[in-house]
Amino acid sequence: MSKSALYEEKRRPRIASPFGYSFLLVVVLILTFLLFAVLSLSSSLRDYKYSKRAADKMSAYYEACNKANDVLAEIDDILEESENKEMALQEISGLPEVKDAADTISFCVPETDTQELRVKLSITEETDGETGEMLEWSILEWKETATDVRQEETRLPLMERQK
């Protein structure tokens, strides 16, 4: 081949691609940014839903605590007004929230559909030198419990032995 043939071959127009390397690089970068944007959006939505559930749970717990404190205030008023322990327990058992009023007083405050706040108190008689006998209460139990009882898992008869 001669020099002129090589020169002619170089001058021949090549089929040019309408997309250059820089354009392809920009497209790949945009797709990468779009992928990261979608991932961060889904992550933030998941975090938002989780924090909303946690906030709802905490506000339900605080509402139940407030109701339990209201019941405790009623019990405290009854204990201050009562003359002896038996009369106080009889009056306390008349409260709608109270389930049991024997040696210990227990009541439950509904928190959610599946949980309740269970409170257990003990009543003691204290002797005060100035005023005589006083009735005081102390908290034995203050905890959240589940109200729905889960059924025991049973096995499905997938394969039975042939006799």
Side-chain angles (χ1 to χ4, degrees), residues 24-163:
L24 291 176
L25 180 65
V26 168
V27 168
V28 168
L29 283 174
I30 288 174
L31 289 175
T32 305
F33 288 148
L34 183 65
L35 174 71
F36 283 125
V38 168
L39 288 175
S40 66
L41 180 65
S42 68
S43 175
S44 63
L45 286 175
R46 185 185 65 237
D47 290 344
Y48 173 74
K49 288 177 185 176
Y50 175 75
S51 62
K52 180 149 177 49
R53 278 196 321 248
D56 291 343
K57 167 93 174 76
M58 288 304 296
S59 63
Y61 174 75
Y62 288 139
E63 286 177 21
C65 285
N66 287 338
K67 290 177 186 174
N69 283 327
D70 292 342
V71 174
L72 287 176
E74 288 180 43
I75 291 173
D76 197 40
D77 290 341
I78 290 171
L79 291 177
E80 283 181 11
E81 295 170 0
S82 296
E83 297 173 8
N84 58 21
K85 186 176 180 179
E86 288 77 25
M87 285 179 55
L89 289 175
Q90 186 177 11
E91 199 171 336
I92 289 171
S93 65
L95 293 176
E97 295 89 359
V98 175
K99 290 183 178 178
D100 182 28
D103 292 334
T104 60
I105 299 169
S106 62
F107 61 93
C108 297
V109 177
E111 188 175 325
T112 61
D113 294 339
T114 59
Q115 285 188 324
E116 65 185 5
L117 182 64
R118 182 172 296 168
V119 181
K120 188 183 270 188
L121 307 171
S122 72
I123 306 290
T124 57
E125 294 184 51
E126 298 285 327
T127 306
D128 189 14
E130 298 173 9
T131 60
E133 288 188 8
M134 286 180 14
L135 296 174
E136 293 185 351
W137 54 268
S138 59
I139 297 175
L140 299 176
E141 183 179 74
W142 183 286
K143 69 177 187 178
E144 292 178 289
T145 57
T147 56
D148 63 340
V149 179
R150 296 188 178 208
Q151 297 293 329
E152 192 174 308
E153 290 185 24
T154 59
R155 293 186 176 176
L156 294 175
L158 296 177
M159 294 178 62
E160 293 186 21
R161 291 186 183 172
Q162 297 288 333
K163 290 185 181 183

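If you're wondering where the values come from, they're calculated on a predicted model, not measured in any experiment.
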- Taking only residues two or more places apart in sequence, or in another chain, which ones meet E144 in a salt bridge (Lys or Arg N to Asp or Glu O under 4.0 Å)? K57

- From D76 CG over to E81 CD, what is the distance, rounded to the nearest 0.5 angstrom? 10.0 Å

- Query: Do you know the tightest heavy-atom contact between A64 and V109?
  - Reply: O-CG1, 3.7 Å

- Task: Of all the heavy-atom pairs spanning E116 and P110, show the shortest one and how long it is.
- Result: CB-CA, 4.1 Å

- Task: Ignoring hydrogens and angles, tell me if any N or O in the side chain of T32 forms a donor-acceptor pair with the backbone of V28 under 3.5 Å.
- Result: yes

- Message: Keeping N69 on the side-chain end and C65 on the backbone end, is there a donor-acceptor pair under 3.5 Å?
- Response: yes

- Message: Which residues pass the side-chain contact (heavy atoms from CB on, under 4.5 Å) test with D56, not counting sequence neighbours?
- Response: K52

- Rounded to the nearest 0.5 Å, the CG atom of L34 sits from the CG atom of L39 at a distance of 9.5 Å

- Query: Looking at E136 and L79, what are the two nearest heavy atoms and their distance?
  - Reply: C-CD1, 4.4 Å

- Message: Here's a test for you: under side-chain contact (heavy atoms from CB on, under 4.5 Å), which of I123, L140, L121 qualifies with T104?
- Response: L140

- Message: Holding to side-chain contact (heavy atoms from CB on, under 4.5 Å), I want the full list of residues that pass it with S40, two or more places apart in sequence or in another chain.
- Response: none

- Working to the nearest 0.5 Å, report the span between CG of L72 and CD1 of I139. 5.5 Å

- Query: Rounded to the nearest 0.5 Å, how far apart are CH2 of W137 and CD1 of I78?
  - Reply: 13.0 Å

- Task: State whether the number of non-hydrogen atoms from other residues, nucleotides or ligands found under 6.0 Å of N66 atom CG is greater than 12.
- Result: yes

- Note on the structure: Correct closest heavy-atom pair for V119 and A68 would be CG2-CB, 4.2 Å

- Message: For R118 versus T145, what's the shortest heavy-atom pair and its separation?
- Response: NH2-OG1, 3.8 Å

